[in-house]
Amino acid sequence: MKFFVDTADTKAIRELNELGMVDGVTTNPSLIAKSGRDIREVTKEICEMIPGPVSAETVALDAEGMVAEGRELAKIADNIAIKVPLTWDGLKACKVLSGEGRMVNVTLCFSANQALLAAKAGATFISPFIGRLDDINLDGMQLIADIRQIYDNYGFQTQILAASIRSANHMSEAAKIGADVATAPPNVIKAMASHPLTDKGLEGFLKDWAATGQKIL
Ligand code: G3P
């Protein structure tokens, strides 16, 4: 499973990238707002750091506007994936932009039917939002499984990009189902390294080692 980082915080992206944990980056209008930076400036900096796909989201509501904004965002770098919402107009924009050979990430997906339409429209990535479904007591992970089954039934090449990931558990569950990509905030990727038994075991080893009076260096 590829790891994308769901942030526009360049410091956090750099830190994870040094460990080889970053295959791509996803941003959205809320994350750009949180960064406090200009969309072109921050997205360009991310694209120069990460060779993989970097999603930048359109904000127009009509297909024509999304296509125009998508073409503009694609000028930032060759590795831009244009993000459009899963609306009827978003699907139209996806068809046009993917037809031009551009990477398109169709976002705000909350149903298997929406994912089926995005694949038909030529999406490079479909972004089902796990956490936001869980928030309203629905099963976000079941949606990932349903889309995996549908795409495999027909050999759709659209990559499942599990999004709205809120916990380390979401990462392993998405990987077990076979999501192609998971995009997670930096703190969730870091949390994947934590286990209480690792901490407890380390404490015990260090205590026993101290009792030997030995040194390695
Ligand atoms: O990038 C879209 C998605 O990952 C948002 O996550 O936590 O705001 O639902 P969240």
Side-chain angles (χ1 to χ4, degrees), residues 1-13 16-17 21-37 39 42-43 45-47 49-50 52-61 66 69-70 73 76 79-87 90-91 93-94 97 103-112 114-115 118 123-145 147-148 158-175 177 179-192:
M1 185 171 71
K2 282 178 264 183
F3 281 20
F4 287 4
V5 191
D6 199 26
T7 187
D9 177 346
T10 50
K11 193 166 162 261
I13 296 168
L16 286 169
N17 192 39
M21 299 294 177
V22 185
D23 300 304
V25 173
T26 49
T27 66
N28 60 38
S30 305
L31 293 171
I32 296 293
K34 194 174 165 194
S35 78
R37 296 179 60 184
I39 184 171
V42 69
T43 308
E45 187 180 334
I46 296 169
C47 288
M49 194 184 347
I50 307 296
V54 174
S55 289
E57 190 158 340
T58 59
V59 290
L61 292 177
M66 287 180 211
E69 288 180 356
L73 290 169
I76 295 172
N79 52 333
I80 288 284
I82 302 158
K83 227 171 166 186
V84 296
L86 213 157
T87 58
L91 292 170
C94 174
L97 293 165
M103 287 188 284
V104 181
N105 176 357
V106 181
T107 189
L108 290 167
C109 170
F110 294 95
S111 78
Q114 289 181 317
T124 316
F125 302 103
I126 181 69
S127 290
F129 278 30
I130 298 169
R132 292 190 195 189
L133 281 168
D134 291 353
D135 287 346
I136 58 164
N137 293 321
L138 293 173
D139 188 347
M141 208 51 74
Q142 185 57 48
L143 175 59
I144 303 294
I147 300 171
R148 180 75 283 156
T158 300
Q159 295 181 51
I160 302 173
L161 199 174
S164 187
I165 282 192
R166 305 275 178 76
S167 67
N169 201 36
H170 276 160
M171 291 295 277
S172 49
E173 289 301 315
I177 291 167
D180 300 284
V181 191
T183 191
N187 65 314
V188 169
I189 295 177
K190 281 187 169 180
M192 292 168 73

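Bear in mind the structure is a predicted one, so any value in this text is a computation, not a measurement. Indexing begins at 1, ligand by ligand and atom by atom, following the structure's order.
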Check your understanding: Closest non-hydrogen protein atom to atom 8 (O) of ligand 1, residue and atom name please, with distance?
Key -> Arg132 NH2, 2.8 Å
Exercise for review: Please confirm whether Asn28 comes within less than 3.5 Å of ligand 1 when only nitrogen or oxygen atoms on both sides are compared.
Suggested key: yes
Exercise for review: Note the single closest protein heavy atom to atom 2 (C) of ligand 1, along with its residue, its atom name and the distance in Å.
Suggested key: Phe129 CZ, 3.3 Å
Exercise for review: Identify the residue among Thr107, Asn105, Thr26 that makes a side-chain hydrogen bond (donor to acceptor under 3.5 Å, both in side chains) with Ser55.
Suggested key: Asn105
**Study point:** Derivation and outcome, side chain to side chain contact (heavy atoms under 4.5 Å, CB included), residues Val104 and Val84
**Key:** CA-CA 7 Å; Val104 181; Val84 296; 4.0 Å; yes
Point to revise | Residues Asp9, Arg37: salt bridge by 4.0 Å N-O rule | key: no
Practice item. Give, for atom CG of Asp180 and atom CD1 of Ile147, the distance between the pair rounded to the nearest 0.5 Å. Key: 11.0 Å
Review point. In the protein, what heavy atom is nearest to atom 6 (O) of ligand 1, and what distance, to one decimal place, separates them?
Key: Ser164 CA, 3.3 Å
Review point. What atoms in ligand 1 come closer than 4.0 Å to a heavy atom of Ala163?
Key: 4 (O)
Review point. For the side chain of Thr124 and the backbone of Thr158, is there at least one donor-acceptor N/O pair under 3.5 Å apart?
Key: no
Check your understanding: What part of Glu57, side chain, backbone, both or neither, has a heavy atom within less than 4.0 angstrom of ligand 1?
Key -> neither
Study note, to complete from the structure: Value for CE (Met192) from CE (Met171), rounded to nearest 0.5 Å, stands at 4.5 Å
Review point. Which of the atoms of ligand 1 are close to Lys83, meaning less than 4.0 Å from one of its heavy atoms?
Key: 1 (O)
**Study point:** Flag if over 12 foreign heavy atoms under 6.0 Å of CG, Leu61
**Key:** no
Review point. How far is atom 7 (O) of ligand 1 from its nearest protein heavy atom, and which residue and atom name does that atom have?
Key: Arg166 NE, 2.9 Å
Point to revise | Protein heavy-atom partner closest to atom 1 (O) of ligand 1 - residue, atom, separation in Å | key: Asp6 OD1, 2.9 Å
